[in-house]
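Scroll down for the structure; my scribbles are underneath it.
Excluded from the calculations below are hydrogen atoms, water molecules and symmetry mates; all remaining heavy atoms, backbone and side chain alike, are included.
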Amino acid sequence: MTNSTHEQAPSRIPERAGRKEWTALAVLMLPLLLVSMDVSVLYFAVPAISADLDPSGTQQLWIFDIYAFVLAGLLMTMGSLGDRIGRRKLLLFGAAAFGAASLTAAYANSAELLIAARAVLGIGGATLMPSTMALVRTMFRDAGQRAKAIGIWSGVMVAGIALGSVMSGILVEHFWWGSIFLVNLPAMALLLLLAPVLIPESRDPNPGRFDLLSVPLSLAAVLPVVYGLKEIAAEGLQTAYVVSLAVGLGFAALFVHRQRTTASPLISPALFRGRGFAPAVLLNLISSLAMMGSAYFTTQYLQSVLGKSAMEAALWALLPSVLIGFAAPVATALVQRGMNRAHVVATGFVVSASGYGLLTLTGTDALWTVLAAAALLACGAVVIGSQLTDLALSSVPTEKAGSASSLLETGQEFGGALGMALLGSIGNAVYRADIPAGAPAEAQETLGGALAVARELPGETASGLITAAREAFTSGMHVAALAGAAILLAAAVLAALTLRRVTAPEPEPEPEKVLV
């Protein structure tokens, strides 16, 4: 009876993505590129904005930071909302908000208006990032095609951060500072026109009630932690920032309790029962920690140790990004040819660790060594990110793709802030220990402070202080790099242990083609 039924059942194959889906992917990369660029797009524009709008010191900090804070705080909310109302609908809403906020920011005539526009940009970004990842999950049901698409997604996101600062430098040099926001408009207009035609709508058919209480709880959990970590990286360990961390962690505990006890949680705890999802989120966080921790040192090294201008430093920093385009496809090909994903991810961590190893060999004049180290770190991060994103999204139901995407991206935000705080604090501690005791107070705090003080000193004294400060900074970078390498090597072991028995689920049977 069983055999007869089996013989009469039709053979089924999963639907493979065609030209329309790959074209849709290209359209989805537009908002992703711009959202990631906006993290760093103000890098060169701040002086021009300061001259035009005359913001206070506090306002200038908020102009720069409000985007990342709002983005991080709303990712989980927007990911869950997209699952409920439709990811394409949320994508279009985010694109419209991002475009309107970009236009407002470009012509802002006060610091307050620019801060408000940057906040709305963060809201738009928080809708766009999980929506793009979730839509990739729903459009590419074939496991091999999905892995390639997610590899492209990961490479574009990393490249966008690197491109943002260079783009701002070029635009500010040839136009006015508002042009850095106007470049968003054509891409958002194209997205609004093409997305309804190319991108299918998808949502959770049974989403349950939207838990409004979880929204402020998630904000209260994320924002104080991100703020505290960022300020610790910039200002050092101070009571106010430790209190901020404690408050955020307290609200995080309340948020988790709420998700475990409410009938319709914002983020379903069931996501963490998916095979490999929890390890993927944790390992992705560690990779982001390493990436942002290294960026903290390499950007300062290029400018303050090698003495390059901000624009020169940004252009040099683009060079390692050339290899990013090859890293994810190679990793995907290895997995598709039978190599265990755990080994590929572990290798990615080892590659990134070798980048930190190179940083320990640098002196105060080692441009190419630092660029090679940055290339290894970036390539390893893209390998890790592409494989873990594919694993995480493959291990959860399609209807929860938005929530899963938002958790991955929130983990990345936490990891980046933690990397800057942890490794930055280690490097700063070594710097303060190595700087000569008789140096001026400002010089004993940071390399930037030492260079500023040196401008007011006579020739030989200034030269001696600059040399000592650059050597102290480089020593701090060495110790932080050792710590970063140790963290990454431990993560490689963790990846090998936790992922070795995890394989991606079979491709979903819907939609299907029936062969008769």
Side-chain angles (χ1 to χ4, degrees), residues 15-39 71 74-75 78-79 81-83 85-99 102 121-161 163-164 183-203 324-325 328-329 332 382 385-386 389-390 392-394 396 398-409 412:
E15 181 177 288
R16 288 177 59 82
R19 182 179 299 174
K20 181 179 179 181
E21 286 77 17
W22 288 108
T23 305
L25 177 66
V27 173
L28 282 177
M29 293 306 97
L30 291 173
L32 176 64
L33 181 66
L34 293 172
V35 168
S36 56
M37 282 174 61
D38 259 47
V39 173
L71 177 69
L74 288 177
L75 279 170
M78 294 304 180
L81 185 63
D83 288 342
I85 70 171
R87 291 120 192 177
R88 188 183 69 183
K89 183 182 292 182
L90 187 66
L91 179 79
L92 294 174
F93 169 80
F98 204 85
S102 297
L121 281 169
I123 296 172
T127 68
L128 293 169
M129 289 188 70
S131 295
T132 57
M133 187 186 290
L135 286 166
V136 168
R137 169 72 173 92
T138 58
M139 288 192 304
F140 294 90
R141 295 179 177 272
D142 176 78
Q145 290 185 319
R146 183 172 59 246
K148 292 177 182 177
I150 289 175
I152 294 170
W153 191 98
S154 300
V156 168
M157 186 178 67
V158 174
I161 297 173
L163 282 171
V183 293
N184 296 335
L185 299 182
M188 291 304 158
L190 191 62
L191 178 65
L192 289 169
L193 286 172
L194 295 180
V197 178
L198 295 172
I199 299 172
E201 183 59 283
S202 65
R203 63 170 65 89
I324 291 174
T332 300
V382 171
S386 62
T389 300
D390 184 35
L393 293 182
S394 300
V396 301
T398 304
E399 59 266 22
K400 299 297 183 184
S403 297
S405 302
S406 68
L407 277 174
L408 276 171
E409 290 156 3
Q412 288 176 349

Between atom CG of L198 and atom CG of L25, what is the distance when rounded to the nearest 0.5 Å?
-> 11.0 Å
Nearest non-hydrogen partners of L128 and M188, listed with the distance | CD1-CE, 4.0 Å
Pairwise distance CG(L194) to OG1(T23) - rounded to 0.5 angstrom = 9.5 Å
What's the spacing between L75 CG and Q412 CD if we round to 0.5 Å?
-> 9.0 Å
In this structure, CE of M133 is separated from OG1 of T389 (nearest 0.5 Å) by 4.5 Å
Mind checking what makes side chain to side chain contact (heavy atoms under 4.5 Å, CB included) contact with I85, not counting sequence neighbours?
-> L81, K89, L90
Please list, chain by chain and in numerical order, all residues satisfying side chain to side chain donor-acceptor pair (under 3.5 Å) with T132, sequence neighbours excluded.
-> W153
Can you see which heavy atom on G125 is nearest to which on P130, and at what distance?
-> O-CD, 4.4 Å
With sequence neighbours left out, write down each residue that passes side chain to side chain contact (heavy atoms under 4.5 Å, CB included) with I123, or none if nothing qualifies.
-> V70, L74, M78
Shortest non-hydrogen pair, S406 vs G79, comes out as CB-CA, 3.9 Å
Grab the two heavy atoms, one from L192 and one from A95, that are nearest each other, plus how far apart they are.
-> CD2-CB, 4.0 Å
Where do L135 and T138 come nearest, in terms of heavy atoms and distance?
-> O-OG1, 3.0 Å
Taking all non-hydrogen atoms of both residues, which atom of R88 and which atom of I199 are closest, and how far apart?
-> NH1-O, 2.8 Å
Distance col, row T127:OG1 vs L71:CG, nearest 0.5 angstrom, shows 9.5 Å
